[in-house]
Amino acid sequence: MSSPSRIFAARLAGLPVFDPLGDQVGRVRDVVSVLRADGRRLRVVGLVVEVPGRRRVFVPMTRVTAMDAGHVITTGLVNMRRFEQRNPEVLLLAEVLERRVELLDGSGEAVVEDVALERPGPRDWEVTRVFVRRGSPGGLGSRLRGRRGETLLVAVEEVRGLLGAPTQAQRASLLVATFEDMKPADIAEALHDLSGRRRLELAAELDDERLADVLAELGEDDRVEVVTGLPLERAADVLEAMDGDDAADVLGELPEEAKEDLLQLMEPDDAADVRRLLAYDEETAGGLMNPEPVLLGPEASIAEALALVRRSDLSPALAASVYVARAPLETPTGRYLGLVHVQAMLRAAPHEQLGSIMDSGVDALPPEASLEVVTRRLAAYNLVSIPVTDPAGRLLGVVTVDDVLDHVLPEDWREQDESELAETASRRRS
């Protein structure tokens, strides 16, 4: 199967990658290039492909047999070692798109919106042309005029500033668009692989909800860098969009002064929840708990409860159970009564009251309970969440199994290559 003589890099983002038998092996996430020896053009050396297991691997162009705007076909031989960018390598989607360059004809500056790849040889590809837009894309003036500026397709030799550290801030809206079909954990991995400056530019383009989800999946160093690199007001908005326990984890990693500044800017109710969590040791039930479980009174109907757990903003662990308590139905609640599993609700009539099918046999934990006690209790009862109450029997929050795993796994588990872990486990068994 042949490939077209020219293809644009942005159109490769997200394309399925197949082996010769037609089985999909992953999706394209970026294009890797290096500067040719003559210093004039970028040679495309391979693709960054996301394969099952959230790994990003490098597929050299010598393994690519066909590439067009619909799919990529490889020889089927893929090295499953995690991709790590080397010093001379340039990622076209992450680092070149939306870079501001100078047009050498003297007509001023423009912004790179895409780059054209062409084949000087059978399996040799290089960046030959740059698709640029004059003016300030997306600015108020251009929107009022009903257009975004003149576009040009120029030879790569006709621009200056395509490589090296950008002299001006670089937008990341096109890069964000390539993440549209990706889960927060996958975006977090991609963000981790970027340079510090580009990481902040990408974070600036994500909306508050999306960035909140991504921060929850980042390692400690990366999320501290992102939060401290955002304007204070924006950082406070993003923390408000996070689950209370995740926001507390982030704030707990910041210097005291920065933490207090952000708490002052957050909405009082959100800040109060986070302050309450910060009062507990991070490896206790109180430090691990989420203060916003699904809460209803015992007289509420099953239909009402099922409507609540359908909310798209709930994690699967939180949506698996509805907690029943006396008013007030905000933590700390009135007296905690029990919980109702979603599975039990599905077996009951919609008009039945929660109190009639409530499970009161799951003992709540005190906020001082250690991580080990929490873990053992979840395992003993086969639960995905467990209640935490104060001495007066009021519900303070719930600990979910995903938060426990974050603390049980090694700190660097997000950076560990799953294929290497599998090899290590295999060696241990043998």
Side-chain angles (χ1 to χ4, degrees), residues 216-217 219-220 223 239 242-254 259 263 269-298 309 314-344 354 358-411 413-414:
E217 301 292 341
E220 179 178 331
R223 62 186 180 189
L239 288 168
M242 299 181 75
D243 287 339
D245 54 334
D246 291 328
D249 286 344
V250 174
L251 286 169
E253 296 155 1
L254 301 180
K259 176 170 65 179
L263 284 167
D269 288 346
D270 293 321
D273 285 341
V274 173
R275 287 184 191 277
R276 193 162 66 247
L277 295 173
L278 288 169
Y280 300 107
D281 185 281
E282 66 176 353
E283 294 204 347
T284 63
L288 292 166
M289 69 184 178
N290 187 316
E292 298 180 352
V294 181
L295 269 168
L296 283 171
V309 298
L314 285 178
S315 68
L318 277 180
S321 303
V322 173
Y323 287 82
V324 184
R326 299 294 183 189
L329 295 178
E330 293 180 357
T331 55
T333 66
R335 186 166 65 89
Y336 169 66
L337 301 175
L339 62 90
V340 181
H341 304 286
V342 166
Q343 189 179 44
L354 289 180
M358 181 178 65
D359 182 355
S360 56
V362 177
D363 293 333
L365 292 171
E368 304 81 25
S370 68
L371 174 60
E372 182 179 1
V373 170
V374 175
T375 305
R376 287 176 176 272
R377 190 70 63 84
L378 286 169
Y381 287 102
N382 294 319
L383 297 171
V384 294
S385 64
I386 194 165
V388 181
T389 59
D390 65 12
R394 300 180 303 172
L395 184 67
L396 301 176
V398 301
V399 180
T400 57
V401 68
D402 54 324
D403 291 321
V404 170
L405 286 173
D406 274 342
H407 286 74
V408 170
L409 290 169
E411 288 187 10
W413 69 269
R414 291 179 174 87

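Hydrogens, waters and symmetry mates are skipped; everything else that's a heavy atom, side chains included, is used. All residue numbers refer to positions in the sequence shown, counting from 1.
Residues satisfying the salt bridge (charged side-chain N to carboxylate O under 4.0 Å, His left out) test with D281, not counting sequence neighbours, are none. With sequence neighbours excluded, the residues forming a side-chain hydrogen bond (donor to acceptor under 3.5 Å, both in side chains) with D273 are R276, listed by chain and number. For the salt bridge (charged side-chain N to carboxylate O under 4.0 Å, His left out) test, no residue two or more places apart in sequence or in another chain qualifies with R335. Residues satisfying the side-chain hydrogen bond (donor to acceptor under 3.5 Å, both in side chains) criterion with D359, sequence neighbours excluded, are absent altogether. With sequence neighbours left out, Y336 forms a side-chain hydrogen bond (donor to acceptor under 3.5 Å, both in side chains) with no residue at all. In terms of the side chain to side chain contact (heavy atoms under 4.5 Å, CB included) criterion, residue partners of M242 (sequence neighbours excluded) are, by chain and number, A212, L215, A216, L239, D246, A247, V250. The side chain to side chain contact (heavy atoms under 4.5 Å, CB included) test applied to P328 returns no partner, not counting sequence neighbours. Applying the side-chain hydrogen bond (donor to acceptor under 3.5 Å, both in side chains) rule to T333 yields no partners; only residues at least two apart in sequence or on another chain are considered. Scored by the side chain to side chain contact (heavy atoms under 4.5 Å, CB included) test, A319 finds V309, L314 as partners (sequence neighbours excluded).
Of all heavy-atom pairs spanning L329 and G297, the tightest one is CD1-N, 3.6 Å. Across all their heavy atoms, P367 and T389 have their closest contact at CD-O, 3.2 Å. Closest approach of A325 and L295 over heavy atoms only: CB-CD2, 4.3 Å. A pairwise comparison of heavy atoms in V399 and A285 identifies CG2-O, 3.5 Å as the closest pair.
Counting only residues at least two apart or on different chains, the salt bridge (Lys or Arg N to Asp or Glu O under 4.0 Å) pairs with a member in residues 388-399 are D390-R394. Within the structure, side-chain hydrogen bond (donor to acceptor under 3.5 Å, both in side chains) pairs that include any residue of residues 365-378 comprise E372-R376 (at least two apart or interchain).
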- side chain to side chain contact (heavy atoms under 4.5 Å, CB included) evaluation trace for V398 with Y323: CA-CA 9 Å; V398 301; Y323 287 82; 3.4 Å; yes
- Check the pair D406 / L288 against side chain to side chain contact (heavy atoms under 4.5 Å, CB included), numbers first and verdict last. CA-CA 10 Å; D406 274 342; L288 292 166; over 6 Å; no
- Task: Using the side chain to side chain contact (heavy atoms under 4.5 Å, CB included) rule, take V274 and L251 through it: C-alpha gap first, then chi angles, then the decisive distance, then the call.
- Result: CA-CA 9 Å; V274 173; L251 286 169; 3.5 Å; yes
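The backbone N or O of L318 sits nowhere less than 3.5 Å from a side-chain atom of T400 that would complete a donor-acceptor pair. A donor-acceptor pair under 3.5 Å is formed between the side chain of N290 and the backbone N or O of E292.
For the pair I386 and V401, the minimum side-chain heavy-atom distance is 4.5 Å or more. Contact check for L339 versus V362: side-chain heavy atoms found under the 4.5 Å cut-off. Within the 4.5 Å cutoff, the side chain of L277 has heavy atoms near those of the P291 side chain.
In this structure, the separation between CE on M289 and OG1 on T284 is 8.0 Å, given to the nearest 0.5 Å. Rounding to the nearest 0.5 angstrom, the gap separating the OG atom in S385 from the NE2 atom in H341 is 8.0 Å. Taken to the nearest 0.5 Å, the OH atom of Y280 stands 5.0 Å off from the CG atom of L396. Residue L296 holds its CG atom at 12.0 Å from CG of L337, rounded to the nearest 0.5 Å. Between the CD atom in E282 and the CG atom in D403 there is a gap of 12.0 Å [rounded to 0.5 Å]. To the nearest 0.5 Å, atom CZ of residue R275 and atom CG of residue L263 are 4.5 Å apart.
Tested against P293, the residues V322, L395, V388 include a single side chain to side chain contact (heavy atoms under 4.5 Å, CB included) partner, L395.
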